[in-house]
Each structure stands twice: as C-alpha cells, then as structure tokens.
Amino acid sequence: MVTNFEIVEKTINDVRVIKVVGELDALVAPKLKERMSKLIETDAVNFIIDFEELVHINSLAMGILRGKLRTVKGIGGDIKLIKLNDHIKTIFEMVGLDEVFEIYETEEEALANF
C-alpha cells in the first residue's frame with residue numbers, strides 16, 4: 001500500500017513549524033514521531049503543526065502527538081495546531097484532544113500565543 005505523506009519544515013524565531021501533508025496513519029506516524037524526537041534532542045521545544053494539507057489522521061498519530069506534547073511541556077515548550085479542516089477538527093473533538101491542544105486558524109495566531 002502506498003501512503004501519501006510528507007513533512008515540510010521551517011523555523012520562525014524559536015518555533016519549529018511542521019506541515020503535515022497527506023495521510024497521518026499507522027504506517028507514517030512513526031516518521032513524525034522520529035522527526036520530532038530528533039528536533040527535541042537539538043533543543044527545539046516549541047512547535048506548530050500545520051494540518052492544512054492533512055487528509056487523514058488515526059489514533060496512533062494522535063497518541064504520538066499527545067505524547068510529544070507531554071514531552072515538550074515537561075521541558076518548558078508547547079505544541080500548537082493550526083488549520084484543521086472540519087473532518088480532522090471533528091475527530092479531535094470526539095476524542096477530547098481539542099481540550100488538550102491549543103488550536104488556531106492561522107500560523108500568526110499560534111505564533112502570537114507562545
């Protein structure tokens with residue numbers, strides 16, 4: 001099975017912006033986990049995850065994000081989510097992650113809240 005997935009990164013000030021493109025499922029979620037772990041090892045603690053081009057997310061991926069949030073909060077950082085489409089937003093609401101993560105419409109709003 002071929003999965004459409006890509007991670008696009010940039011840094012704004014001390015915030016690492018990670019754009020997740022495609023499907024974030026059990027096959028590719030570990031790639032995001034590994035990338036974020038490597039960034040945390042290099043002292044990145046503040047993240048924005050951009051879901052504008054995300055079409056699917058599964059429970060494993062959501063668990064990984066929650067785990068990484070716990071990790072970065074433990075070292076003084078945070079993860080903010082932006083540009084969730086209605087489908088992804090509904091999934092986050094159904095599992096209560098909208099109460100765990102700060103969710104913003106734009107990158108600028110998220111940056112202003114660090």
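Computed from a predicted structure; not experimentally measured.
No path of Ile, Leu, Val, Met, Phe, Trp and Tyr side chains, each step under 4.5 Å between heavy atoms, connects Val55 with Leu84, placing them in separate hydrophobic clusters. Neither Ile64 nor Met62 shares a network with the other; the hydrophobic side chains, linked directly or stepwise wherever heavy atoms of I, L, V, M, F, W or Y lie under 4.5 Å apart, form separate groups for each. Two different hydrophobic clusters hold Phe92 and Leu60 under the rule that ILVMFWY side chains link at heavy-atom gaps under 4.5 Å. Each of Val8 and Leu32 belongs to its own hydrophobic cluster when Ile, Leu, Val, Met, Phe, Trp and Tyr are linked at side-chain heavy-atom distances under 4.5 angstrom. No continuous path of hydrophobic side-chain contacts links Leu27 to Val21 [ILVMFWY only; heavy atoms under 4.5 Å].
Separation of atoms OG1 (Thr71) and NZ (Lys33) is listed at 9.0 Å; rounding is to 0.5 Å. One finds the CG atom of Asn85 at 8.5 Å from the OG1 atom of Thr90 (value rounded to the nearest 0.5 Å). Residue Glu107 holds its CD atom at 9.0 Å from NZ of Lys19, rounded to the nearest 0.5 Å.
Summarising the geometry of Ala61 relative to Leu24, their closest heavy-atom pair is CB-CG, 3.5 Å, with the distance given to 0.1 Å.
Hydrophobic cluster membership of Met94, counting Ile, Leu, Val, Met, Phe, Trp and Tyr whose side-chain heavy atoms lie under 4.5 Å apart directly or via other members: none, as it forms a cluster of its own. Clustering of Ile, Leu, Val, Met, Phe, Trp and Tyr side chains at separations under 4.5 Å places Val17 together with Ile12, Val15, Ile48, Ile82, Tyr104, Leu111, Phe114.
Side chains of Leu65 and Phe101 form a contact here, defined as non-hydrogen atoms less than 4.5 Å apart. By the 4.5 Å heavy-atom criterion applied to side chains, Leu39 and Glu9 are counted as neighbours. Proximity of Glu23 to Val28: side-chain heavy atoms (C-beta onward) are nowhere separated by under 4.5 Å. Residues Ile79 and Leu81 are in side-chain contact: their nearest non-hydrogen atoms beyond the backbone lie under 4.5 Å apart. Under the 4.5 Å side-chain criterion, counting only non-hydrogen atoms from C-beta, Asp25 is not in contact with Phe5. Side chains of Leu54 and Ile49 form no contact here, defined as non-hydrogen atoms less than 4.5 Å apart.
Pairs passing the salt bridge (charged side-chain N to carboxylate O under 4.0 Å, His left out) check and including a residue from residues 67-79, sequence neighbours excluded, read Lys73-Asp78, Asp78-Lys80.
Glu99 contributes no side-chain N or O that, together with a main-chain N or O of Gly96, makes up a donor-acceptor pair within less than 3.5 Å. Checking side-chain atoms of Asp50 against main-chain N and O of Lys83 turns up no donor-acceptor pair under 3.5 Å.
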Inset, instruction - Apply the test side chain to side chain contact (heavy atoms under 4.5 Å, CB included) to residues Ile75 and Ile40: give CA-CA distance (whole Å), side-chain angles for both, the deciding distance (0.1 Å), then the verdict. - result: CA-CA 10 Å; Ile75 53 176; Ile40 292 166; 3.8 Å; yes
Inset, instruction - Check the pair Asp43 / Val45 against side chain to side chain contact (heavy atoms under 4.5 Å, CB included), numbers first and verdict last. - result: CA-CA 6 Å; Asp43 296 325; Val45 295; 5.8 Å; no
